[in-house]
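Both backbone and side-chain heavy atoms feed into the values below; hydrogens, waters and symmetry mates do not.
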Amino acid sequence: MGFRAVTAALGLVIVTAGTVSPAPAAAQAAPSHAQVHAARLLAGRDPRAALSKLQEIKRREPGDALALRLQADEAQCRILSDSDPKLARQLAEAAAAVALPAPVDAGVRVAAMRLAACGAGVLLDLGGAEQGGRELDQLLEQAGGDPALGEAGVMALLERGLHRSRAGELVTGQADLLRACTELQARALALDLELCHSHLANHYKRMGDTDEALRLLEPLLQAARARGAHADAGVYLHGLAQIRFTRQEWDLALANFEASRAVAHDAGDTIGLAYAEFGAAHALLRKGRAADAMPRAQHAAALLADGNDPQQSLRIAVLIATLHNELKQTTQALTQLRAVATTVQARGDEPLLADWHRAHAQAQSQTGGWREAYESLKAAEAYLQREQAQQLSQQSARLRMQFNRTQDLAELQALRTLDAQRTQLLHTQALALALFVALLGAAVWFGVQKRHEARRLGTLAMGDELTGLLNRRALLQRLDAELQRARRNRHPVSVLMVDADHFKSINDTHGHAAGDQVLRHLAALLTKALRAGDWVGRLGGEEFLAVLPDASLDHTRSIAERMREAVAASPCPTPRGALALTVSIGAASHRGDGESSEALLQRADGALYAAKSQGRNRVCVAGPQAA
């Protein structure tokens, strides 16, 4: 659909060459930015009324108020992203094509970039991961060098964090979301901050930290109810239902899903209704009521049959296959799973892939396909292990952030109360008793502090703070465990020693901040190059180690080449421009005998040295170990 079709669908006034069609009545007061803000607030109560209000604002805007029009477009994009994401994307594309080509002032460019961030986020939801990610990276690069455009960069960061979290990239997703929420709080952008807190709460739910998710979500629900924002309350109710589901509180989850469904139904929100039906079906399945769940899931699928939310449609399809399994309708389950297999694989959504493999394993086991069932269970377990590892890493990272838990505040208050009691005793008791109480209080405080420190260090001990990957200690433990398993099962295990070429010159020329950015960039590229079930971490400095279970030497070489090519093809963006990078890789494979992890790493290190000596940007494979 082109720009004219979009404007026809929404009743938009077409912008050409920085002008708009004439205002209808000079007697009407010109709209203002405050009215756009009021329309955004209205969307929390009645999205359709808010869309109508925004249309009226754009119809009556002054001819030179391009920033105001773009702000109204962004507000419409965010409302439509929940009800009609395809139309939201078309609106963003059409408006951006008009606003950005000619030189414009900073206010117009900020508004246009915010709208573009919304459009990119919608595209990601529609399945355009590569294009949407590229658009967000471009926006972040544009905003990074200009403080006046920082607000737009924060919104792009918010969209990127949301997509990463939904795709199972919990480590990088949380970093983006926390940074975005912090910046929005500092800028006092209340509505944007509420949106960020909502996404952050859903992220904590995905990583299994339901306490933190509730801490953020419950105040949002209370505030929405207090201001009569029924539509927002429905969204937050759905979030609470998902948290109750994660906690296996099936009855509470079902009640929350039903409440969310009622709000969506009253608002005519088809997508919200589909999500609520999906959640209710899932809860009924867990309560052992598959027969009751099936019509709810099928209704959810019918509501999204227009393709407006392809990702959720896939989740519903997998749930329907699981329900067929529970109802012993194995043929229908396999048919459903095969119909979406290619699309699910292409999406790369690891939680969805794990659900598909579990449903496939159940169906195959019911038909006697034991080998296929075993392979699917093995794949599902690998996805689950990676998700759990990311959850652990994120929970440790969260302890370094400013969003403190309620428990921490309670402990702080307890210490303050103890201090007040000790002060009162100093006024009423003898010096000796007062000294005893003071010493006792200090001992208690020191013990509490030591306990907190021990807990914090224990949590952080397995993660690398800079990259979010496993650290040296965790990597060596993982390697030892894989070698023990390999000896029992006579399966191969391989390792890759990866070293960034000329890293010292990057630090010397561009500074240590750029060096840190390069290491984070490499960590992301190396992780993407691995298979499900592989592990990568940072040994120290610019050196990384990948552990590849069940990988032959030929397969190991192929993975290493994929890593090397990915790094060479992906320069690292920095404020001073993109830096071209290469890596040298040494590979070695354990053959199942008594070779120790130290000996295996020495052979891989020798191969890495050979790769460096032969000119860098290459892969060298160690020969078999000595008998």
Side-chain angles (χ1 to χ4, degrees), residues 3 6-7 10 12-23 28-43 50-51 53-81 88 91-122 135-160 179-180 182-196 575:
F3 180 51
V6 177
T7 57
L10 285 175
L12 301 178
V13 180
I14 299 177
V15 183
T16 56
T19 64
V20 298
S21 57
Q28 290 181 323
S32 66
H33 299 288
Q35 289 177 310
V36 175
H37 180 77
R40 289 186 65 187
L41 288 173
L42 176 61
L51 286 172
K53 178 66 175 177
L54 290 165
Q55 282 304 111
E56 177 64 16
I57 289 172
K58 292 195 293 185
R59 188 176 65 83
R60 296 191 295 106
E61 67 166 341
D64 58 350
L66 185 54
L68 178 64
R69 160 173 289 280
L70 292 169
Q71 287 179 358
D73 284 336
E74 184 206 352
Q76 284 189 317
C77 175
R78 298 205 175 277
I79 297 171
L80 289 169
S81 66
L91 168 65
E93 286 179 326
V98 173
L100 289 180
V104 293
D105 62 34
V108 171
R109 183 159 290 274
V110 168
M113 289 174 65
R114 284 182 58 114
L115 173 59
C118 177
V122 171
E135 290 179 11
L136 288 177
D137 288 341
Q138 290 171 352
L139 287 170
L140 287 167
E141 184 176 355
Q142 293 171 21
D146 187 349
L149 303 177
E151 175 185 326
V154 174
M155 297 307 292
L157 190 68
L158 171 60
E159 296 291 350
R160 190 177 72 177
R179 183 181 169 196
T182 301
E183 289 294 328
L184 291 170
Q185 189 169 23
R187 296 171 187 272
L189 298 171
L191 290 178
D192 296 329
L193 178 61
E194 181 173 329
L195 176 66
C196 189

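- Between Val122 and Glu159, the closest side-chain pair of non-hydrogen atoms is not below 4.5 Å.
- Side-chain atoms of Leu184 and Met155, non-hydrogen and from C-beta on, do get closer than 4.5 Å to each other.
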*Worked verdict on Lys58 versus Asp73 for side-chain contact (heavy atoms from CB on, under 4.5 Å)*: CA-CA 9 Å; Lys58 292 195 293 185; Asp73 284 336; 2.6 Å; yes
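- Contact between Leu140 and Gly153 at its shortest, heavy atoms only, is CD2-O, 3.3 Å.
- Among residues two or more places apart in sequence or in another chain, the side-chain hydrogen bond (donor to acceptor under 3.5 Å, both in side chains) test is passed with Glu74 by Arg78, Arg114.
- When every heavy atom of Ala116 is checked against every heavy atom of Leu139, the shortest pair comes out as C-CD1, 3.8 Å.
- Distance CG/Leu195 to CG/Leu189: 11.5 Å, rounded to 0.5 Å.
- With contacts defined as side-chain heavy-atom distances shorter than 4.5 Å, the pair Leu115/Glu93 does not qualify.
- With no hydrogens or angles considered, a side-chain donor-acceptor pair links Gln76 and Gln55 at under 3.5 Å.
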*Give the intermediate values and the outcome of side-chain contact (heavy atoms from CB on, under 4.5 Å) for residues Ile57 and Arg69.*
CA-CA 8 Å; Ile57 289 172; Arg69 160 173 289 280; over 6 Å; no
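- In this structure, Cys77 SG and Leu70 CG are separated by 12.0 Å, a value rounded to the nearest 0.5 Å.
- For the atom pair Ile79 CD1 and Leu51 CG, the distance stands at 4.5 Å (nearest 0.5 Å).
- The shortest heavy-atom contact between Ala67 and Ala111 is O-CB, 3.9 Å.
- One distance of note links CG of Leu136 with CG of Leu157; it measures 9.5 Å at 0.5 Å rounding.
- Taken to the nearest 0.5 Å, the CG atom of Leu54 stands 11.0 Å off from the CD atom of Gln71.
- Closest approach of Met113 and Ala152 over heavy atoms only: CB-CB, 3.5 Å.
- The shortest non-hydrogen separation linking Gly119 to Ala92 is CA-CB, 3.6 Å.
- Between atom CG of residue Leu158 and atom CD of residue Glu183 there is a gap of 12.0 Å, rounded to the nearest 0.5 Å.
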*Show the numbers, then the answer: is there a salt bridge (charged side-chain N to carboxylate O under 4.0 Å, His left out) between Lys53 and Glu56?*
CA-CA 5 Å; Lys53 178 66 175 177; Glu56 177 64 16; over 6 Å; no
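- At a threshold of 4.0 Å, the pair Arg160-Asp137 counts as salt-bridged, since one of the basic side-chain nitrogens sits closer than that to a carboxylate oxygen.
- Between Ser81 and Ala88 the shortest heavy-atom distance is N-CB, 3.8 Å.
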